[in-house]
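What follows is a set of notes on a single structure, which appears directly below.
Chain identifiers are assigned alphabetically (A, B, ...) following the order of the sequence lines, protein sequences preceding nucleic acid strands; residue numbering begins at 1 within each chain.
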There are 2 protein chains.
Amino acid sequence: MSQHPELGLDHQLCFSLYRASRAVIRAYRPLLKGLGLTYPQYLVMIVLWQENEGLSVKQIGARLGLDSGTLTPLLRRLEASGHITRSRDDADERRAVITLTDAGRALQDDAASIPGELNRMYAACDVDAGDLKTQLDVLGEFLPSA
Amino acid sequence: MSQHPELGLDHQLCFSLYRASRAVIRAYRPLLKGLGLTYPQYLVMIVLWQENEGLSVKQIGARLGLDSGTLTPLLRRLEASGHITRSRDDADERRAVITLTDAGRALQDDAASIPGELNRMYAACDVDAGDLKTQLDVLGEFLPSA
DNA sequence: ACCAATCTAATTGCTCACAATCTAATTGTG
DNA sequence: CACAATTAGATTGTGAGCAATTAGATTGGT
């Protein structure tokens with residue numbers, strides 16, 4: 001038996017969060033499989049679908065909270081599967097310009113049904129997604145990172 | 001502009017969850033660094049601290065929702081750093097028996113202050129950890145996985 | 001114009017997650 | 001007992017995350 005009862009899985013928010021996040025990603029997996037996307041790739045595509053212009057790695061990273069160490073290989077895979085193209089900004093050669101291909105843009109229509117699908121699952125679990133989201137966003141935005 | 005407004009980062013619980021989970025793990029990192037543990041290793045140690053007996057890989061995996069593909073190398077690293085020992089059950093040679101070393105058990109005292117540290121961060125963010133946890137546990141336990 | 005700071009990506013190395021497969025041990029059934 | 005089915009864990013391969021470093025481009029101050 002533990003001498004530190006507060007140090008148990010059942011008493012900590014962290015594990016609930018970690019497990020729920022993996023569970024939601026797992027719920028997406030079969031839906032995204034049909035689109036040929038992983039979950040983080042899907043998030044990058046969502047960012048790109050919201051823009052008409054090409055975005056830099058930096059800009060994508062800022063929206064998702066991911067750095068180039070994660071994004072560079074992920075974007076390489078999205079390029080290999082034909083969803084995006086990668087080039088360099090003429091005005092600033094340091095900037096990579098990530099642009100949707102026609103196929104990548106067309107994928108948005110196929111993805112349109114996914115949010116509704118997930119909302120149905122949340123509802124079936126009696127979870128108020130809106131309320132939950134508000135609290136999670138505070139953690140995601142304001143929790144000290146160091 | 002998107003033709004599918006519901007398909008945006010700002011409208012989906014999934015991204016908030018994904019980002020918050022990474023933010024919380026990031027908040028743990030500096031605290032765990034002093035113990036020589038990563039976050040998933042910390043979760044395994046919590047499971048072991050709650051038991052007097054050695055546990056099988058299966059039992060640890062059941063509590064955390066992780067499979068042997070994740071746990072086997074992780075446990076190997078915990079063994080290499082001296083926190084646990086791995087042996088085989090005499091009665092059933094298929095079962096690995098994971099046991100805390102004295103050093104691994106002693107680490108519990110060093111970890112005792114961590115939950116309070118995190119609760120202080122949650123409070124500073126005005127997040128009701130208890131309420132949030134209840135909803136997340138529903139998702140983690142009952143969300144369909146296929 | 002020079003040169004030092006800054007900035008953007010890319011790279012390297014380590015650690016998860018997880019699907020799929022494999023091996024060996026055990027159990028159940030005839 | 002024999003042997004098919006099941007079980008536990010390890011292994012392999014792919015794809016994240018993230019810290020730390022590197023390379024190259026740009027900016028700013030003198």
Per-nucleotide protein contact string for nucleotides 3-10 of chain C (B base, S sugar-phosphate only, - none; heavy atom under 4.0 Å): ----BSSB
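B/Leu74 has its CG atom 13 Å from the P atom of C/dC18, to the nearest Å. With rounding to whole Å, B/Asp89 atom CG is found 9 Å from C/dT26 atom P. Atom CZ in B/Arg77 sits roughly 17 Å away from atom P in C/dG13 (whole-Å rounding). If you take CG of B/Leu43 and C1' of C/dC16, they are 12 Å apart, rounded to a whole angstrom.
What you find for A/Ala27 and A/Leu118 is that their closest heavy atoms are CB-CD1, 4.4 Å. Closest approach of A/Leu64 to B/Arg22, counting heavy atoms only: O-NH2, 2.8 Å.
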Stepwise side chain to side chain contact (heavy atoms under 4.5 Å, CB included) test for A/Leu48 and A/Arg105: CA-CA 9 Å; A/Leu48 293 171; A/Arg105 219 182 320 274; over 6 Å; no
Derivation and outcome, side chain to side chain contact (heavy atoms under 4.5 Å, CB included), residues B/Leu7 and A/Tyr42: CA-CA 11 Å; B/Leu7 199 49; A/Tyr42 169 68; 3.4 Å; yes
What's the verdict on side chain to side chain contact (heavy atoms under 4.5 Å, CB included) for B/Val24 and B/Tyr122, showing C-alpha distance, side-chain angles and the deciding distance? CA-CA 10 Å; B/Val24 170; B/Tyr122 300 147; 3.8 Å; yes
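Annotation: the span from B/Gln12 atom CD to A/Lys133 atom NZ amounts to 9.5 Å, rounded to 0.5 Å.
For the side-chain contact (heavy atoms from CB on, under 4.5 Å) with B/Val44, the qualifying choice from B/Leu78, B/Ile84, B/Ile98 is B/Leu78, the only one to do so.
A salt bridge does not link B/Arg88 with B/Glu93: none of the charged nitrogens is closer than 4.0 Å to a carboxylate oxygen.
Here A/Tyr39 does not reach the OP1 or OP2 of C/dA17: none of its side-chain N or O atoms lies under 4.0 Å away.
Residue A/Thr70 is in base contact, counting any heavy-atom pair closer than 4.0 Å across all strands shown.
In the 5' to 3' direction, nucleotides of DNA chain D lying under 4.0 Å from heavy atoms of chain B begin and end at D/dT7 to D/dA19.
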